[in-house]
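Presented below is the structure to which this report refers.
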There are 4 protein chains.
Amino acid sequence: MQETAVEIPAHATGSVGDWVAPATMQALVKSRAAPGAELREVAVPEVGAQDVLIRVLAASICGTDLHIYLWDPWAQGRFHPPMVFGHEFCGEVVAAGEDVKHVRVGDYVAAESHVVCNACYECRHGLQHICRSVEIIGVDRPGAFAEFVAIPEQNAWVTDRRFPPEIATIQEPMGNAVHTALSAPLAGSTVTVFGAGPIGLFAVPIARASGARKVIVVEPSTYRLDLARRVGAEVAIDPASQPVVETILAETGGEGTDVVLEMSGNARAIGQALRALRHGGYVSLLGIPSGAVEVDLADGVIFKGATVQGIAGRRMFETWYQTRGFLEMGMDLRPIITHRLPLRDFARAFELVSSAQSGKVVLFPNDPGE
Amino acid sequence: MQETAVEIPAHATGSVGDWVAPATMQALVKSRAAPGAELREVAVPEVGAQDVLIRVLAASICGTDLHIYLWDPWAQGRFHPPMVFGHEFCGEVVAAGEDVKHVRVGDYVAAESHVVCNACYECRHGLQHICRSVEIIGVDRPGAFAEFVAIPEQNAWVTDRRFPPEIATIQEPMGNAVHTALSAPLAGSTVTVFGAGPIGLFAVPIARASGARKVIVVEPSTYRLDLARRVGAEVAIDPASQPVVETILAETGGEGTDVVLEMSGNARAIGQALRALRHGGYVSLLGIPSGAVEVDLADGVIFKGATVQGIAGRRMFETWYQTRGFLEMGMDLRPIITHRLPLRDFARAFELVSSAQSGKVVLFPNDPGE
Amino acid sequence: MQETAVEIPAHATGSVGDWVAPATMQALVKSRAAPGAELREVAVPEVGAQDVLIRVLAASICGTDLHIYLWDPWAQGRFHPPMVFGHEFCGEVVAAGEDVKHVRVGDYVAAESHVVCNACYECRHGLQHICRSVEIIGVDRPGAFAEFVAIPEQNAWVTDRRFPPEIATIQEPMGNAVHTALSAPLAGSTVTVFGAGPIGLFAVPIARASGARKVIVVEPSTYRLDLARRVGAEVAIDPASQPVVETILAETGGEGTDVVLEMSGNARAIGQALRALRHGGYVSLLGIPSGAVEVDLADGVIFKGATVQGIAGRRMFETWYQTRGFLEMGMDLRPIITHRLPLRDFARAFELVSSAQSGKVVLFPNDPGE
Amino acid sequence: MQETAVEIPAHATGSVGDWVAPATMQALVKSRAAPGAELREVAVPEVGAQDVLIRVLAASICGTDLHIYLWDPWAQGRFHPPMVFGHEFCGEVVAAGEDVKHVRVGDYVAAESHVVCNACYECRHGLQHICRSVEIIGVDRPGAFAEFVAIPEQNAWVTDRRFPPEIATIQEPMGNAVHTALSAPLAGSTVTVFGAGPIGLFAVPIARASGARKVIVVEPSTYRLDLARRVGAEVAIDPASQPVVETILAETGGEGTDVVLEMSGNARAIGQALRALRHGGYVSLLGIPSGAVEVDLADGVIFKGATVQGIAGRRMFETWYQTRGFLEMGMDLRPIITHRLPLRDFARAFELVSSAQSGKVVLFPNDPGE
């Protein structure tokens with residue numbers, strides 16, 4: 001992004017030194033085990049000794065939030081109402097617990113949504129992103145669709161104020177895309193992204209900036225295919241009207257794609273991905289299928305000598321540094337942020353997310369104005 | 001293997017300098033598109049400019065040979081009778097084409113069975129083992145269940161004569177096990193091998209010698225489970241009588257296995273493997289499923305951040321050097337070679353292979369016999 | 001590069017099917033063990049069974065050629081006059097030996113300059129670029145500062161005709177830069193290039209296109225620092241007037257540079273590189289020091305947990321594919337090609353190379369000229 | 001080690017639940033900026049909120065301790081007397097701060113000696129072992145040559161009681177050897193260890209257990225060469241009487257060694273290592289040279305395409321898990337522990353360490369004594 005084009009909202013630079021926490025706040029609460037959510041006044045979260053309290057400046061909506069909102073089977077098995085949800089956000093630190101060491105009141109921060117134990121095998125191997133005792137903000141503990149949220153200091157990612165809240169908040173899902181993309185060797189490679197939801201869209205400029213020779217996107221929504229082209233996809237395939245595997249092979253000189261970034265979770269897409277993959281190619285799986293998937297392991301993985309990598313979360317915090325690097329390089333992700341709404345318009349926001357007529361949708365819980 | 005225990009057969013050391021090729025030889029020919037094969041007299045192969053002719057001292061039987069012998073659907077689609085089959089072998093070089101540069105008449109050699117093009121994308125990336133124009137000896141061109149076989153010089157692997165023919169010949173399938181095992185980080189790891197056919201059995205001492213902390217084997221044949229224990233498996237699980245996933249979890253302190261070496265191609269085993277896998281674990285797939293497999297990618301691969309690697313053939317020739325290294329270290333694989341037969345007893349040999357009452361079965365085409 | 005801007009010279013597209021080789025050709029011969037070289041008429045090279053004969057359309061000058069021309073101690077120990085030199089080139093295949101399989105007469109090709117044995121440990125490990133029996137074209141066997149050159153088919157890299165000869169020829173040194181740069185993780189990294197000769201200059205856009213967050217160049221020539229800025233260096237440090245280590249630290253927020261690409265071979269630069277390196281950083285060494293170098297291994301490598309990678313040649317042919325990928329992405333290296341001269345102006349060309357007042361200098365042996 | 005051979009000292013299993021800390025303890029104090037140290041009564045350390053207090057059961061002596069004891073230039077620049085030193089140890093947790101979450105009173109623990117910040121770039125990249133704000137126990141904060149030591153919970157490594165204190169304490173230096181060895185690919189490789197001090201000696205069985213085909217040791221002390229042979233070195237070279245490079249080349253069939261583990265810090269050894277290295281080989285540097293070293297980067301690193309890796313500390317905590325794995329496999333390191341002494345015999349212990357007539361020397365601060 002061009003620095004001159006960035007407008008820092010006034011509330012992002014205000015002094016917070018003499019700030020006193022209010023007793024209550026407006027928050028979007030998943031109040032019952034049923035579809036929907038309601039905006040209501042709840043207590044401002046308490047701040048533990050190792051926690052920071054953040055005034056939320058922006059909170060973007062993830063597919064997971066939609067599952068919770070719609071109350072699908074996954075949400076029914078995982079989420080325990082009543083609780084505030086939302087886990088992609090940024091804001092200002094307005095209070096800090098007594099053991100907080102590095103983050104300071106007044107810092108402008110985004111957040112890693114995985115609260116990890118620091119003690120399990122994975123955490124002690126530099127693999128906190130797959131901590132087996134993970135708690136996710138807004139899923140397992142109160143979230144950020146609210147004026148305030150409390151998180152462990154460890155989860156706060158201090159961000160440069162030249163990046164406006166709508167960019168700061170999307171560092172978390174952009175991090176998913178960075179983690180997925182950089183798990184395969186990209187320089188000089190052809191890269192095919194299956195699924196052009198926000199994370200798939202983020203992956204397009206990330207792959208290009210990392211040396212991908214050509215980026216191909218497969219996505220059934222015309223709206224999103226257009227977005228994909230706008231952010232750099234050279235080939236945009238609509239699986240409803242174009243032969244996916246044949247087109248990818250034609251676009252790669254018959255070799256197949258070097259790298260697949262699977263962001264759709266769609267069983268059919270996974271099958272196409274493996275058929276269109278080059279021998280010795282790489283598949284990074286981020287999209288979550290809703291059930292078991294029939295996979296042709298023999299021809300798709302074994303004979304090809306393929307490498308399939310499951311991707312969860314973001315590496316803590318390698319991915320955050322890389323994400324910051326891409327932003328500092330001037331990567332402009334604003335075309336992917338298609339809608340910006342005050343928190344009170346959450347119903348319309350969730351409608352937009354559930355349609356495929358949006359990129360990333362960002363809510364502003366502290367937006368003063370109507 | 002202990003060097004003192006090795007008996008070098010007389011024919012392995014004889015002079016070959018004044019040798020004249022006979023016109024015909026005994027060979028096991030897959031003569032018709034039907035089950036079975038027949039031993040008959042055929043022409044000795046011609047030797048191309050870049051080829052060497054090998055007098056076969058031992059030829060071991062692979063599962064692929066059984067598919068051809070039984071004439072299963074895979075064989076029907078790939079193999080074109082009449083042709084000699086067999087692709088695991090060793091012998092002496094008795095003649096060399098005019099452009100042969102490094103291998104010499106008299107050399108004792110084993111063979112890489114993949115004849116590669118040296119020109120495709122994969123071959124030009126150090127990935128000859130997944131050459132897209134590969135021809136396999138004994139499958140796509142005449143094989144080694146015969147007194148003589150001709151192969152490109154590039155495929156001949158000069159072997160130290162202190163290793164007897166039954167060991168020299170199994171370098172090829174042992175190489176599959178080495179390639180599979182060394183595709184994951186083994187030092188300090190728990191390793192679970194699914195399927196204790198010959199390659200799975202080879203993988204046990206290879207994993208142990210590479211630093212595996214504990215090797216677990218899952219295999220339904222009691223005969224093969226016993227063999228697995230003999231070559232170093234600490235835990236041997238019979239899936240018919242023991243809960244596979246629970247036992248692996250118990251044996252790994254509840255963490256799950258660090259590494260899976262999948263040698264069975266069995267869909268149920270693959271499911272168990274993914275459930276028993278540690279977060280961040282590695283799965284190397286060598287066994288070929290007979291059809292598409294239902295895989296729980298979400299819980300088994302994605303949320304775990306697992307790495308799944310398809311394994312084909314042997315790296316040319318990293319794997320061969322590593323295999324040689326293990327043999328030179330004194331790894332004793334003879335317990336896995338359960339049957340040694342002259343070529344004329346091929347029918348009994350294939351019966352043994354099709355039962356699970358054998359490890360590796362080796363044929364001797366030039367056995368002076370009774 | 002923009003395709004519309006490329007001019008294909010007429011002689012690059014002419015039919016060669018009915019071509020008859022002349023007996024002699026003009027060539028730049030290093031005729032005596034003394035400085036200089038002379039243009040004279042010599043026999044056109046013979047074409048071996050596995051060779052192709054190339055009509056040279058462009059041949060660029062490497063630092064190695066300057067060593068040979070100036071007859072420095074290295075050249076005196078390695079080069080055996082009289083012989084044609086020159087090893088960066090491209091041209092048209094005008095004849096092919098009888099065993100040539102994949103390259104065809106009429107193909108437009110560049111050349112890998114390392115002729116390898118295909119049989120040593122390194123060659124059999126996918127490491128042909130460090131073959132211990134390597135012969136270098138134009139150093140150990142006749143080279144390309146001539147109208148024609150014969151090379152093994154294996155060394156010919158078929159190139160798309162949309163890239164003009166001056167670009168096709170520099171794929172070889174650009175490959176050095178690609179190999180060096182891609183040996184370290186670049187995405188999101190700060191990268192410092194020491195030495196802005198042609199290879200260092202190539203490395204700047206390569207690093208940027210591979211995700212480098214910031215590229216810093218250290219180089220004493222003002223001419224070359226300007227070129228470095230033109231091709232994308234954000235920071236250009238003149239070590240004569242600026243404190244190198246301090247500037248790099250300041251430009252990296254005090255962390256140090258993530259990656260060093262050492263293209264200078266200068267002992268002082270190597271010391272600065274290690275002091276300016278981040279903990280856990282990567283150093284790729286391509287520049288050849290003229291003697292042993294004093295290195296602070298304790299503070300510069302060990303305590304930092306640094307990785308130092310020696311870089312020789314280009315990976316055969318991973319690097320060539322990656323190089324092609326960058327060109328296909330539209331990377332424009334023409335600003336780095338500062339001088340284009342007919343072969344007969346070789347004396348002036350070598351003067352330009354020995355000054356630091358040039359980037360890459362390209363000769364045209366078949367230039368129809370005035 | 002064989003479990004049956006392990007004797008658990010009575011004091012390692014005593015109940016500690018009702019324990020009350022004494023006010024003072026015996027400790028080896030570096031009391032003045034001069035050679036030597038003195039045993040005296042000092043206050044038992046205070047236990048911070050995130051700390052555990054450990055009753056020291058064994059504390060082994062590292063080369064760093066000798067530097068401090070002898071008060072060499074490095075120690076003069078880093079260590080601030082008066083302070084207790086010693087950083088390799090194990091013991092029982094006798095008290096825990098209020099924020100301690102995972103370690104419990106009564107646990108038997110060894111210790112990672114690097115106290116890290118958890119907040120710097122390196123710590124947030126899974127590279128805590130090269131934390132730029134590291135404090136080393138016994139160097140930068142009070143150490144373990146004492147009856148008690150307090151350390152952060154994060155640094156305590158819970159150990160199985162079947163490993164006696166002399167083994168538990170050496171997990172820290174053994175970890176250096178594990179980290180160094182496993183930084184290179186070992187399976188099937190020839191490995192040369194330069195320097196057979198305790199860490200070099202540990203590296204011998206570690207390399208063998210990780211698949212090294214042959215382990216060569218270079219060491220001037222006859223005493224230590226004998227130890228190296230006892231723990232598995234097949235070739236033991238005395239550089240005073242044998243040509244180092246030629247012997248290594250002869251032992252590797254002229255190829256050179258695949259891997260060098262440099263544990264000596266000796267400039268001459270480093271030169272020999274690079275000359276004896278195979279093309280494409282790996283060098284892991286752990287030994288700290290006392291000053292800058294002249295290195296032939298051209299022939300030793302660049303033309304060879306070598307990888308040189310600086311090694312500091314132990315990966316936190318991958319290395320500790322791997323170390324535990326080797327111990328659980330039954331690796332017996334007791335031959336390397338040559339001397340066991342009560343803490344009061346520290347003077348003799350340091351004499352032993354400064355001679356080359358010892359392997360690892362272990363002190364017992366809580367030894368009930370005679």
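Keep in mind the model is a prediction, meaning the values are calculated, not measured. Chain letters run A, B, ... following the sequence lines, proteins first, then strands; residues in each count from 1.
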Going by salt bridge (Lys or Arg N to Asp or Glu O under 4.0 Å), name the pairs with one or both residues in residues 181-203 of chain C, residues two or more places apart or in two chains. none
Between chain C and chain A: donor-acceptor pairs at under 3.5 Å:
residue, atom, partner, partner atom, Å
C/A209, O, A/G211, N, 2.8
C/G211, N, A/A209, O, 2.8
C/R213, NE, A/E328, OE1, 3.1
C/E328, OE1, A/R213, NE, 3.0

Taking atom CG of A/L186 and atom CG of C/L186, what is their separation to the nearest 0.5 Å? 11.5 Å
Contacts of A/A111 that satisfy side chain to side chain contact (heavy atoms under 4.5 Å, CB included) - sequence neighbours left out: A/F89, A/I151
Considering only heavy atoms, which portion of A/A181 lies under 4.5 Å from any heavy atom of chain C: side chain, backbone, both, or neither? neither
I'd like to verify something: which residue of C/A212, C/G188, C/A209 has the highest number of heavy-atom pairs under 4.5 Å with chain A? C/A209
Sequence neighbours excluded - salt bridge (Lys or Arg N to Asp or Glu O under 4.0 Å) pairs with any residue from residues 173-195 of chain A: none
